[in-house]
Peer 1: 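The structure is given below, and queries will be raised subsequently.
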Number of protein chains: 2
Amino acid sequence: MNHKEAKLKFIQAWGTMGTNWGINRAMAQIHALLLTAIVPLSTEDIMDELNISRGNANMNIRTLLDWGIISKEHKPGDRKEYFSTKKDIWQLIRVIARERKKREIDPVVKLLDELEDFTGNNSKEEKELRKTLTDIKNYTSTASDLFDKVSRSDYGWFVKTIVKLIK
Amino acid sequence: MNHKEAKLKFIQAWGTMGTNWGINRAMAQIHALLLTAIVPLSTEDIMDELNISRGNANMNIRTLLDWGIISKEHKPGDRKEYFSTKKDIWQLIRVIARERKKREIDPVVKLLDELEDFTGNNSKEEKELRKTLTDIKNYTSTASDLFDKVSRSDYGWFVKTIVKLIK
DNA sequence: TAAAAGTTTCAGAAAATATTGAAAGTACGA
DNA sequence: TCGTACTTTCAATATTTTCTGAAACTTTTA
């Protein structure tokens, strides 16, 4: 396998992985393409490389921009927008932590807050329900804090704490 | 809101959350139903409570059993299978860690292993690609170790390390 | 061992998600 | 202000995922 094949395989596979990560195929592929590109690419470049439509390319580029994962630049004398991404994976992880927290954790916290104070007579059944909900809430808020921590910490923190943690 | 309403709302919402967690609605709802039930429930009970078909109920119950999240029991003089779940949330988190690692992390590790040794002439472009892939691999294997650690650790470990970590 | 009671499977239907492509919108330069 | 070069939007379409329900299978009991 030469490096072009490796790159192609990486882009294809990253698209499939994206699916398991709750990120759509096109978005993950665009990101992989930019991650392995040596120069910024235009929307057309991306469309051609990945064989996707303009609408699809545009929409997913916008989302990646919104998330702050890729950035836009202009070449002098050219109206097109060109896109590139920092090759800093820790930065990427921080963004993922932020977005997944938003999607996966925040709604649980919101739900549990709403459920917290149901009224009742403190029967055994009610006590059990209260306990279950409280337990879930405790773990969830810990997870929430952990994701916040990751999304706000620098690489030094990662090495110092996470890497040690798993030893 | 009384406790029946709270419970119903929890089950409904847990189904929706499941979606964001990569778990299908029915499976998440069945789990929520058992988590808040005070007695074991049969397939029919589950079908009735959640308004889902027998096929759907059966299939998702099997998956929950496979994952070790719920368990099966029999009542004397009754042929039906009854299902229940431990109300231990930490245990649930460990299973989730195991399953998500399997789905989200292991395939990345496998991919990166395959890509690792592409051949080439060590041009600048190739060196960059190698570096990017190596970086991803390092973070991924740390994540892999972390998920393993979670799925194998007891509640004491959680309190001692994770809770401190985020302070 | 036959009927009854329960469980599993799976092809087709329905629902949810992602993608296309063409029309509408915007910004720039002459 | 017009034409050109792009970007954005969105209704229609395609794809993927989930759900249904009935038939096939298994286990138990009489």
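Every value quoted in this text rests on a predicted model; they were computed, and no experiment measured them. Here is how names work: the chains are called A, B, and so on, in the same order as the sequence lines, proteins then strands, and each is numbered from 1.
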Peer 1: Is the closest basic N to carboxylate O distance between A/D154 and A/R94 below 4.0 Å?
Peer 2: no
Peer 1: Just by distance, with hydrogens left out, do B/D45 and B/S42 show a side-chain donor and acceptor under 3.5 Å apart?
Peer 2: yes
Peer 1: Taking CG from A/D66 and C1' from D/dT8, how many angstroms apart are they, rounded to a whole number?
Peer 2: 13 Å
Peer 1: A/R54: which residues meet the side-chain hydrogen bond (donor to acceptor under 3.5 Å, both in side chains) condition with it, sequence neighbours left out?
Peer 2: A/E44
Peer 1: I'd like a table of donor-acceptor pairs (distance under 3.5 Å, sequence neighbours excluded) in which one partner is a side-chain atom from residues 63-70 of chain B, with atom names and distances.
Peer 2:
unit_1	atom_1	unit_2	atom_2	d
B/T63	OG1	B/M59	O	3.1
B/W67	NE1	B/E99	OE1	3.4

Peer 1: Residues of residues 38-54 of chain A with any non-hydrogen atom less than 4.0 angstrom from an atom of DNA chain C: list those, numerically ordered, please.
Peer 2: A/N51, A/I52, A/S53
Peer 1: I'd like to know if B/K131 and B/D135 make a salt bridge, using a cut-off of under 4.0 Å between side-chain N and carboxylate O.
Peer 2: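 Yes.
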Peer 1: Would you please test A/W157 and A/K149 for side chain to side chain contact (heavy atoms under 4.5 Å, CB included) and show each step?
Peer 2: CA-CA 10 Å; A/W157 174 85; A/K149 187 83 180 183; 3.4 Å; yes
Peer 1: Let me know the distance between CG of A/D78 and P of C/dA27, rounded to the nearest Å.
Peer 2: 17 Å
Peer 1: Would you please confirm or rule out a distance under 4.0 Å between OP1 or OP2 of D/dT8 and any side-chain N or O of A/N58?
Peer 2: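 True: A/N58 side-chain N/O within range (under 4.0 Å) of D/dT8 OP1/OP2.
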Peer 1: Would you kindly give the NE2-to-P distance between B/H74 and D/dT26, to the nearest whole Å?
Peer 2: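 Those two atoms, NE2 and P, are 17 Å apart.
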Peer 1: In terms of relative ring orientation, are B/Y155 and B/W90 parallel, tilted or perpendicular, with 30° and 60° separating the classes?
Peer 2: perpendicular
Peer 1: From C/dG6, D/dT7, D/dC6, pick the nucleotide closest to the side chain of A/E81?
Peer 2: D/dT7
Peer 1: To the nearest Å, give me how far apart CZ (A/R62) and P (D/dC10) are.
Peer 2: 15 Å
Peer 1: Take atom NZ of B/K72 and atom C1' of C/dT8, then tell me their distance rounded to the nearest Å.
Peer 2: 12 Å
Peer 1: Give me, pair by pair, the N or O atoms of the protein and of nucleotides 27-30 of chain D that are less than 3.5 Å apart, along with how far apart they are.
Peer 2:
unit_1	atom_1	unit_2	atom_2	d
D/dT28	O2	B/R79	NH2	3.0
D/dT29	O4'	B/R79	NH2	3.3

Peer 1: What pair of heavy atoms forms the shortest contact from B/V159 to B/V163, and how long is it?
Peer 2: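 Minimum heavy-atom separation between B/V159 and B/V163: O-CB, 3.3 Å.
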Peer 1: Distance check needed: C/dT19 C1' versus A/Q29 CD, whole Å only.
Peer 2: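 Distance, rounded to whole Å: 12 Å.
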Peer 1: Nearest whole Å is fine: how far is C/dT8 P from B/K80 NZ?
Peer 2: 14 Å
Peer 1: With sequence neighbours left out, write down each residue that passes salt bridge (charged side-chain N to carboxylate O under 4.0 Å, His left out) with A/R100, or none if nothing qualifies.
Peer 2: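 Only A/E104, B/E104 meet the salt bridge (charged side-chain N to carboxylate O under 4.0 Å, His left out) criterion with A/R100.
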Peer 1: Taking N or O atoms only and anything under 3.5 Å, show me the protein contacts with nucleotides 15-18 of chain C, one pair per line.
Peer 2:
none

Peer 1: For the hydrophobic clusters of this structure (ILVMFWY residues joined by side-chain heavy atoms under 4.5 Å, transitively), does one cluster hold both B/I105 and A/I162?
Peer 2: no
Peer 1: Measure up the A/Y139 and B/F158 rings against each other and bin them: parallel (under 30°), tilted (30 to 60°), perpendicular (over 60°).
Peer 2: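 Answer is tilted, since the angle falls between 30° and 60°.
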Peer 1: For A/Y82 and D/dA5, what is the distance between atoms OH and P respectively, to the nearest whole Å?
Peer 2: 14 Å
